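Reviewing the structure listed below.
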Amino acid sequence: MLYIACLYFKKIKMKELPKAYSSQEYEDFIYQTWETLGLFTPEVNTGKKPFSISMPPPNATGTLHLGHATMLAIEDIMIRYKRMCGYSVLWLPGTDHASIATQNKVEKIIAEEGLTRHDLGRKKFLDRVHKFVADSQSIIRNQVRKMGASCDWSRERYTLDEGLSEAVTEAFIKMYHDGVIYRGNRIVNWCPRCSSTLADDEVEYREEKAKFYYFKYGPVIIGTARPETKFLDKIIVVHPDDKRYKKYIGKEMEVEWIEGNITAKFIADNAADPEFGSGAMTITPAHSFVDFEIAKKHKLEIVQIIDEKGNLTSSAGEFAGKNAYEAREAIVEKLRKKGLVEKIDENYIHKLSVCYRCGSTIEPLVSKQWFIDVNKKVINEGKSKKSIKEKAVSVVKNGEIEIIPKRFNKTYFHWMENLRDWCISRQIWFGHRIPVYYCEKDNNGCGEIIISKDAPKKCPKCGNVKLKQDPDTLDTWFSSGLWTFSTLGWPEKTDELKHFHPTSVMETGYDILFFWVARMIIMSTYHLNEIPFKTVYLHGLVRDKQGRKMSKSLGNGIDPLDMISKYGADAVRLSLIVGATPGNDIRLYEEKIAGFRNFVNKIWNASRFALMNLNEEDLKAEIDLKNLNSADKWILTRTQNLIKKITKDMETHKYSEAGNILYDFIWLEFCDWYLEMSKVKLNPGVLIYVLKTILKLLHPFIPFVTEVLWKNTGSKNMLIIEDWPEFKKEYIFRNEEKKINIIMDIITAIRSIRAEYKVDPTRKIEAVIYSEEHLEVLHEKKEILEKMAGLKDIQIQNKGKPISKSASKVIQGVEIFLPLDALIDLEKEKERLYKEIKSEEEIISFLEKKLDNQGFVRNAPKDVVKREMEKLEISLINLKKLEQKLKGL
Ligand SMILES: [Zn+2]
Ligand SMILES: [Zn+2]
């Protein structure tokens, strides 16, 4: 450790800073120093207030993309800021095993070797997966470090590590005994490709044009987009108030159908819409969520038509065993021959459900799975009980959890209120195995279900030793739902859990509000009776320059790591922060990152200039309040304003705004004004104070370059653990602030006149300035005026006559005259003006002719005519101005 510290000191403390900042030279080294010195690791019981963030765990298989980079940049700003404010700060990193995604990836890899997971068997396949995960994890860790994320690696977790797996089992068992987890036959989203169930929100929708079929079914016409599911439709549902069908309700009748006659029955239910089609519908309970609910309500039989492979079951008669989609046309053809096809609508817009992982069409089907009951009243709340769904809604409604931006409250409530029982079993091998053992009858057992942390040796009821563990694993979101507290040692009551939970902020992309954020709220309020985090900060998606999503197929993606090696992590971080507001997408492109690299260089150069003018003694100089000139007082005041504003922005999560303000302050007030003024008269105490303050305020945004510069300001500590700047009332000088602002306004005005007359920047010009009120400061700052506005021989008087043949301007009562012959060569200028007048006159005559032409005015589009008229108006104004100018000469 000591060795690293010495190395750090040697490497970045320089006698003279090099002209250009090279991020590559310092970044890795500085990160390593921070980490080795243990500066990311908080102490738990020091009496300091806690601030904690659970880092959203990237998938253990992936590589870092821009979404992660954004997350890391924002969270690191929060973390570094709070650390500097003196909090005990924990940012806990980790990775998610992402069962479906990871298993798919490894399946693709072994497919290239001509193998399937079944060829390898469960154990060998999982060995391959674990090896693959270990490799990716070390890549991800390295990438997170490249971004400068100051997270506590000593507490890194993985959703499948031992402790977290124990937490998962514990959570399952508790929920099972509370009756919240149950096993049942329910309809689920099934992906035939992945051979697994999917959660409702893992299903994506794609609109496509499809056929919509109308069939004669006994006395009614029924409509469907999926004839292949209709073999056993036997129930005709009509609205109870529908007069057309009243006489049929409760009756049975023989109906001719796909595989011969079947007995159909009419039932009444509000689910039937009398306005839609014929007002009557048949139901397919095994393959439609809506129909399933109706069937359960009326206690109807539920029979599977399509199996887990997407093939038709024996219920489909002669079509049994065929792929459901491929059989569709043949089924319709059969019905047509029977004269049962009423019509086919070819332009039906169908919302197709597809798997979010592999894109295959989702098959809703009934299956025996494990579910979490979201409506059972199990959470004690005073005298009453709440369901996990009600509880999750109430903690956001009552403000315990704040979502930023607020507008996402509405989407959160909408999603929660429509939440169905959550199917948590997956037919995936990679993941947390369900801790359930069956004493199966066909294994000479008694049918007992045993819930157990460890594999039981025998059935507690009948003593049978041939027990079989449930082959399924748990939904990934089940374990990541525990993330905020399982990572802190739960179910043990650790000091970390007590100190850092509830965590302070959950910062993540708005696209996983439901997948993950909502589930963490459910799991934490249920298991700990405590919210998982106080604030949810949602960032937007990163898009390309034209606002398109970045994707492999468009080839418009940007690899954050390429950008880091090219422009430095600081520039990449700024480009993801500045211009981004919570919940809104941002655009990113290389030029933008390059622009921020220039800004980082500007900071380097400004600091370098300041440091070059300070010797070892100066670096230790303090501010002497008795020895300040008005420029010093001005910059001290401006710096206090800056501290106040940035601190407020940090507290209210306005990082983009803070970034912009810092950018402007450094670019304009510090570099353009103060450093320029310092060239005239330098006050080391003030300069080093302002420079250090800026570096501190910038540190959370651009930690690397500020740390390098910091070391060169003669400070002992590393910047990362320095105190956040304090607002100091004694450094506020409103009068001087005003005075210098006037000088700045005068300089700006003179510069703009010079620009207007195209005066060579090196040419010094004379000036006459009148002012009663500001006479004193004008005299005091004469030298600065001369230097910064390029003046010589300034005459400053309280009043006087206007100077003829001069350019003039009045700024806050100060009259400025710049004699024209000093600005320009009069004859040349006259000639130039004649030329400009002539060309303006030509434009006017051309436009007038055009607008006199009735044909043009009548036939051209209105906005074209309008534009031409506007052009004419502008030219007329220009002409007038030019003529006046000429007259003035
Ligand atoms: Zn799939
Ligand atoms: Zn048994």
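Indexing begins at 1, ligand by ligand and atom by atom, following the structure's order. Since we're looking at a predicted model, the values are computed, not measured. We number each residue from 1, following the sequence as shown.
- Of the angles at the Zn ion (ligand 2), the one spanning SG of Cys439 and SG of Cys446 is 120° when given to 10°.
- Rounded to the nearest 10 degrees, the angle SG (Cys191) to the Zn ion (ligand 1) to SG (Cys194) equals 110°.
- With respect to the salt-bridge test (charged N to carboxylate O, under 4.0 angstrom), the residues Lys466 and Glu440 do not qualify.
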Intermediate values then yes/no, side chain to side chain contact (heavy atoms under 4.5 Å, CB included), Met550 and Arg543: CA-CA 6 Å; Met550 290 188 183; Arg543 293 172 180 277; 5.8 Å; no

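- The side-chain hydrogen bond (donor to acceptor under 3.5 Å, both in side chains) with Arg426 is formed by just one residue from the set Thr197, Thr473, Asp472; it is Thr197.
- Of all the heavy atoms in Asp119 and Thr116, the pair that sits closest is OD2-N, 2.9 Å.
- Geometry note: the Zn ion (ligand 2) is the vertex, Cys459 SG and Cys462 SG are the arms, and the angle is 110° (rounded to 10 degrees).
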